[in-house]
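To keep things clear, I will list the structure first and then write my remarks on it.
Below, all heavy atoms of this structure are taken into account, side chains as well, without hydrogens, waters or symmetry copies. Keep in mind the model is a prediction, meaning the values are calculated, not measured. First the proteins, then the strands, lettered A, B, ... as listed; each starts at 1.
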Amino acid sequence: MNTKIFDEARKKGTMRSFFNPDEFVLTKIQSEDKNCNQCGLFKFAKSPKMEITGKGKKNILIIAEAPGKTEDEKNKQLTGSAGEFFRSKLNPLGIDLDEDCWKTNAVRCRPFTETAQSEKNRAPTKKELQLCRNHYLKFIEKEKPKFIWLMGKSAIESFYSGRFSDDSGTDLTPTRWRGLCIPDPTVNAWVIPMFHPSYAMRNEYDDLTISQYERDIRFAIQCLKKPLPTFFNPYDKVECLTSFNHARSVLQDIIHNPPEIFSFDYETTGLKPFNKGHKIVSVSYCDSKDVAYSFPLQHISFNKDQWQILCNLWNQILVNDAKKVAQNLKFEDVWSQQILNTKPYNWHWCTMNASHILDNRASFSGLKFQSFIRWGIEDYDKEMRSFIRSKNGSEFNMIEEAPLDKLLLYNGIDALLTLKLYHEQRKEMSENQLKVMTLFNQGLDALADIQMNGICASKEFYQQTNNELEQKIINLFKELHSSDEAKLFKKEMGRDINFTSDHDMRILLFDILKLKSEKTTDSGIKSVDAEVLNTINIPLTKKLVAANKLDKVKGTYIGQFLREIDQTGKMRPFFDLHKADTGRSSSSSPNWQNVPVRDEDAKKYTRSGIFPSKGNIILGFDYKALEVSICACISQDPELIKYCADPTKDMHRDQATELFVLKKDNVSDSLRFYAKNGFVFPEIYNSYYKSCARNLWEIMHKENLKTKDGIDTIDHLIDVGVCGDRIDYQGFEDHVKKVETKFWRRFNKVKQWQDRMIAFYMKYGYIELVTGFRCQGYMSRNKIANSPIQGPAFHCLLYSLIHCHNKLLDLGAKSKIIGQIHDNLVFDCDPSEKEDLKEMATKIATVQIREDWDWIIVPLMVSWEGTLQDSSWFTQIKGV
DNA sequence: TTAAACTGCAA
DNA sequence: TATTGCAGTTTAA
């Protein structure tokens, strides 16, 4: 396969070819007979080794999955029902499958399984895909198609599998790759992955799937206008400054002649710089499309005096007036602050976040992935990856052991591609996307500082708690293992039971003890979660639920905290803006957005070791009913607006009066809570009466919910004639159905708005949130209803976070923001600043935001909560 | 070794 | 026939 095309493509440059030209997976071609014998499918096929068919007048090679029954019989690809479906989509767009395209399958012979009645089509295995790849690679070499359409998971796997050695390409699902037109130097063609027609056909009656599938086909056809792809070699454009004098003079040049904009990138000894021993090993810098510089900073090849000189020069560049660009700017920001004691000035763009704003699909924002789908640059950090791995499971990697030339080259390419990516992204963004980009960039800048601030936590406390819990858990499991049930299990199975194994619990509860299962998991097997165990309610399951709870607290929370509390006595979670589908934030290491609060025990174990700084209080605010307010703003529903505009009104309480047939003053707090979380929210997010009724019914039985008068809710519902007796679920469901009808009659503008969003999505393939964030990819109706509320609600919090943070900096306040939980902002507050801070933040969050964002047409409200001086987060109370 | 499934915590 | 996240364990590939 070492033919001209491939050699030329290689000369034009891909990373893989640079390191080792012989390692093209696609070019590894073995003898065909050998492969076919190893696979063996041809022996059973009616049409073995099916030849590629079609005239290919428009230079399109279509790779589908494998011949099905019909194809195998007719000896022709895409002639079964899925093929006909595909033709019916192509014909109206002027494409004739047989005239304009070549057709083949990732596997040429029919794979099937024999059942008693018939032979059933099956998907090809990984091995079969790999062994059959040669046939189309040879064809590509000979016929040079300009476009390759990969239809379905098998084709995508066949074409790409083995070409990525990191996680940037391991997710080879059509959802991840569809809608792209990828220049590929190994075949000198455009590659367009999409769903297999059989997938679309299976969802023929789901108009959301079909609308997207048809759009993808139109996209693929539009791409036919493109000229052949061109490629560039980033290796030629990196200048590695291995000599100290050279590095110094380049930095001095930059200082004397600062550019308007530049990108930079660090290679470091780990992910967080806060513990002793961390270094910025090398730096790369790029201010033009032709050259990137990279040089060692705190690297063994220079001495410490030289480190100091280079750090001083680099610091001057970090604070110059130039616009700064980085892939994951929080990272470069935090390392600059911690290691170099310098906050970069004038952050302009985070390419990682911009990738997320341009396409909110999961795993889309990595620089390697973007470089591949945009420029066909493949796997360029291959030789560095082993050095970026953790050293002996510690927080340090092995980067200092990497050869300097490879380190600098890889580092330099990152800066080069980052700047190139920025220029493309800047052109691609709509005006509204630019708006949200600005918000996010400011947010990232502030979130970097918030990670710097950190959260005070007591390692001693968590160590002690860990030991205490460990004893309790050991004792609980000891008791469980000495139970009769455990002995029964051993007798039946001939081995000891593992109580933390769902599999073993299923055997014990449902096979051995013959108990009834209450519900199923996603994949349809019997569930053994806490709800099921609680319903079974025998001493064994009670004990197991208790043990599981403590195990969760110890393993998930205390474990993370102990790992993450650093030598300065703080934990410093990441708060990211490039993950959530809806443009929300996420948090990790540790995840600070799911620390227990409802369960009192779990709350105490986890929150009692989190403190304000010495002499301070933890102080924070929640937006009140923020998502309901956002829903009112964007749907402009007059009834909902009325509720939001009048603080004396309480829609959840009102809804509780209808659901539970009560007078307003007889609604208890818990009934209000379940009206809100069991009915209002689910309804707004497209749930329906049956699901709501079922959940409410179960909760009423389980929790023995009472009215404010202290009467059992179910008894009350029987009294007023909703139910005949305590097991008359149907009566309750009928009632909830009527409540739902009334609810949507009242808030009918919300329903209408949801319908408009769905119609927009079907037409354009995306929806745009009021803040400018776009949601695309496949979306269910529920997601379309939810995202435009969830996203902007968080964006309100982000606005407040940015402005509060900047205000505190301007004022030189001692108080700091330390965290954020979707609609909640947390400060480490000096008590002398408390009242001023509350006034300032409340004004920003409720007044200033409405001056800047005129789409907010209802009043926003916040409620404050806080701890006493030097008291832990566990002691936080409302209304301080 | 890695990925998927299951579970459980938050908003 | 409610959404978004992160992380732990077990199990299968």
Salt bridge or not for A:Asp381 and A:Lys368, using N-O below 4.0 Å? yes

Quick one: label A:Tyr688 by what it contacts on the DNA or RNA (base, sugar-phosphate, nothing), any heavy atom closer than 4.0 Å. base

Nucleotide by nucleotide, 5' to 3', does protein get under 4.0 Å of the base (B), only the sugar-phosphate (S), or neither (-) in nucleotides 5-13 of chain C, counting heavy atoms? BBSS-SS--

Any chance the side chains of A:Ser800 and A:Tyr623 put a donor and an acceptor closer than 3.5 Å? yes

Between A:Arg598 and B:dA10, is there a side-chain N or O to OP1/OP2 distance below 4.0 Å? yes

Starting at CD of A:Glu531 and ending at P of B:dC6, how long is that distance when rounded to a whole Å? 16 Å

Whole-Å distance between B:dA4 C1' and A:Asp171 CG? 12 Å

Would you tell me whether A:Thr867 and A:Gln876 have side-chain atoms, one donor and one acceptor, within less than 3.5 Å of each other? no

Output the rounded distance in Å from CG (A:Leu626) to C1' (C:dT3). 15 Å

Under 4.0 Å between any heavy atoms, over every strand shown, what does A:Ala793 touch: base, sugar-phosphate, or nothing? Just pick one. nothing

In whole angstrom, give the distance that lies between atom CD of A:Gln820 and atom C1' of B:dA10. 12 Å

In whole Å, what is the span from the CG atom of A:Asn686 to the P atom of C:dT4? 13 Å

Atom CG of A:Asp522 and atom C1' of C:dT3: how far apart are they, to the nearest Å? 14 Å

Checking all strands, does A:Arg506 fall into the base, sugar-phosphate, or nothing category for heavy-atom contacts under 4.0 angstrom? sugar-phosphate

Which of C:dT4, C:dA2, B:dT7 is nearest the side chain of A:Ser687? It is C:dA2

Check the distance between B:dA11's P and A:Ile684's CD1 and give it to me in whole angstrom. 18 Å

Hey, what's the ring geometry for A:Phe621 with A:Phe827, parallel, tilted or perpendicular (30° and 60° as the breaks)? tilted

Return yes if a side-chain donor-acceptor contact under 3.5 Å exists between A:Asp504 and A:Asn498, otherwise no. no

Residue from A:Leu447, A:Ile450, A:Val826 passing side-chain contact (heavy atoms from CB on, under 4.5 Å) with A:Gln820: A:Leu447

Just checking A:Ser527: base, sugar-phosphate only, or nothing, at a heavy-atom cut-off of under 4.0 Å? sugar-phosphate

Per A:Asn782 side chain, nearest of listed nucleotides B:dA11, C:dA2, B:dT7: C:dA2

Between A:Thr521 and B:dC6, is there a contact of a side-chain N or O with OP1 or OP2 at under 4.0 Å? yes

Just checking A:Ile789: base, sugar-phosphate only, or nothing, at a heavy-atom cut-off of under 4.0 Å? nothing

What do you reckon, are the aromatic ring centroids of A:Trp744 and A:Tyr689 less than 6.0 Å apart? no

Expressed in angstrom and rounded to an integer, what is the separation of A:Gln790 atom CD from B:dA11 atom C1'? 8 Å

